[in-house]
There are 2 protein chains.
Amino acid sequence: MSDIDVNIGIAAHASGLTAKTIRYYEDIGLVTPKRNENGYRVYSRLQVNKLKFLQRARALGFTIVECRQLLSLYEDKRRASADVKAIATDKIEAISLKIKELESLKESLSVLTEGCSGNDLPDCPIIDCLAGADLSD
Amino acid sequence: MSDIDVNIGIAAHASGLTAKTIRYYEDIGLVTPKRNENGYRVYSRLQVNKLKFLQRARALGFTIVECRQLLSLYEDKRRASADVKAIATDKIEAISLKIKELESLKESLSVLTEGCSGNDLPDCPIIDCLAGADLSD
DNA sequence: CTTGACCTTCCGGTTACTGGAAGCAATATA
DNA sequence: TATATTGCTTCCAGTAACCGGAAGGTCAAG
């Protein structure tokens, strides 16, 4: 065992993940550490790097399934950059779509709240709309 | 039993929800229909309206918890429009925040893919970034 | 020697449903 | 009338990506 091997707490700190999350990643087969005599998980430097990699990819909005793909590409020195780019491009499109949906949603809600006096009276266009008015474009 | 009472299939069609979803809404106490002799659920016109209300509110991005609040306001003839407006305004803010996050995400990914040749070579700035480059603003 | 920090496993909960199996009930067709 | 097809019922399990907490073992310090 090299002296750069670390316990889960250190790995968590170094990767920006929680120990809980790291154990979860082990459960689903992403990063599987060795154990020492007392049963503690032991992470190599390479494994800590993978954890960091996962933390960044998740923060960028990649799902676990996508992370699994990216990780295998990360580990494969002979991968084509096109493979990686395809995953990222798909993700960008999905994000753009989600943004559009949310903007449309926000627009609908804004129209409603602007028409709502927000006073003590029971008249409320928001409720009226939900109760039956047509909100189609 | 009035002749406007309907089975779950009709209620589903009229509200735009699935029968599964309607049963789930019953499980969590949102809309509780009567039963007839054979055990089938029977929805009144009022209850179908509530289901429609829920469908619209969910489509606008309100959570079930918020729907529960909105539904109680919908049922309360003496509610203040300010109460409803507060929920909607909070929702707009949350949506705006989510949009900003997604735009930032998209920007990061776009920068990466633009720098990626997308060819058969293993050189890939996306992987390089995930592997350790700093992506801070 | 005990306190506290760190580690282990296991179980349940989260959100808002969806899918499927097994089995009645009602209806349409042959 | 017999059968086939829907439609309805309940229950169980699974989804994504973890989080919280309980019960208990381990290790270093005072």
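Just so we're on the same page: letters track the sequence lines, and every chain starts at 1.
With hydrogens and angles ignored, the 3.5 Å screen pairs a side-chain donor or acceptor of A:Asn38 with a backbone N or O of A:Tyr40. No donor-acceptor pair under 3.5 Å is formed between the side chain of B:Ser15 and the backbone N or O of B:Val48.
Summary of helix geometry: the two end axes of the helix from C:dC1-D:dG30 to C:dA30-D:dT1, each defined by five base pairs via their C1' atoms, are inclined to each other by 20° (rounded to 10°).
Under the ring-ring contact (aromatic ring centres under 6.0 Å, His included) criterion, no residue pair touches residues 6-27 of chain B, with sequence neighbours excluded. Among residues at least two apart or in separate chains, salt bridge (Lys or Arg N to Asp or Glu O under 4.0 Å) pairs with a member in residues 65-75 of chain B are B:Lys50-B:Glu75, B:Glu66-B:Lys91. Each salt bridge (Lys or Arg N to Asp or Glu O under 4.0 Å) pair with one or both residues in residues 10-28 of chain B, not counting sequence neighbours, appears once here: B:Glu26-B:Arg35, B:Glu26-B:Arg41. Sorted by first and then second residue, the pairs that involve residues 64-100 of chain A and meet ring-ring contact (aromatic ring centres under 6.0 Å, His included), not counting sequence neighbours, are A:Phe53-A:Tyr74.
With a heavy-atom cut-off of 4.0 Å to chain A, the contacted part of DNA chain D has its first and last nucleotide at D:dA17 to D:dC27.
Using a 4.0 Å cut-off, some side-chain N or O of A:Arg35 falls inside it from OP1 or OP2 of C:dT9.
B:Ser72 meets the side-chain hydrogen bond (donor to acceptor under 3.5 Å, both in side chains) test with no other residue; sequence neighbours excluded. Judged as a side-chain hydrogen bond (donor to acceptor under 3.5 Å, both in side chains), and not counting sequence neighbours, B:Thr89 has no contacts. Scanning for side-chain hydrogen bond (donor to acceptor under 3.5 Å, both in side chains) contacts around B:Lys85 gives an empty result, with sequence neighbours left out. Applying the side-chain hydrogen bond (donor to acceptor under 3.5 Å, both in side chains) rule to B:Ser44 yields no partners; only residues at least two apart in sequence or on another chain are considered.
Atom CG of A:Leu30 is separated from atom CD1 of A:Ile64 by 5.5 Å, given to the nearest 0.5 angstrom.
DNA chain C is contacted by A:Asn7, A:Ile8, A:Gly9 of residues 7-15 of chain A, taking any non-hydrogen atom closer than 4.0 Å.
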Protein heavy-atom contacts under 4.0 Å, written 5' to 3' over nucleotides 13-26 of chain C as B (base), S (sugar-phosphate only) or - (none), form the string ---BBSBB----SS
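Between B:Tyr43 and B:Asp5 there is no side-chain heavy-atom pair separated by less than 4.5 Å.
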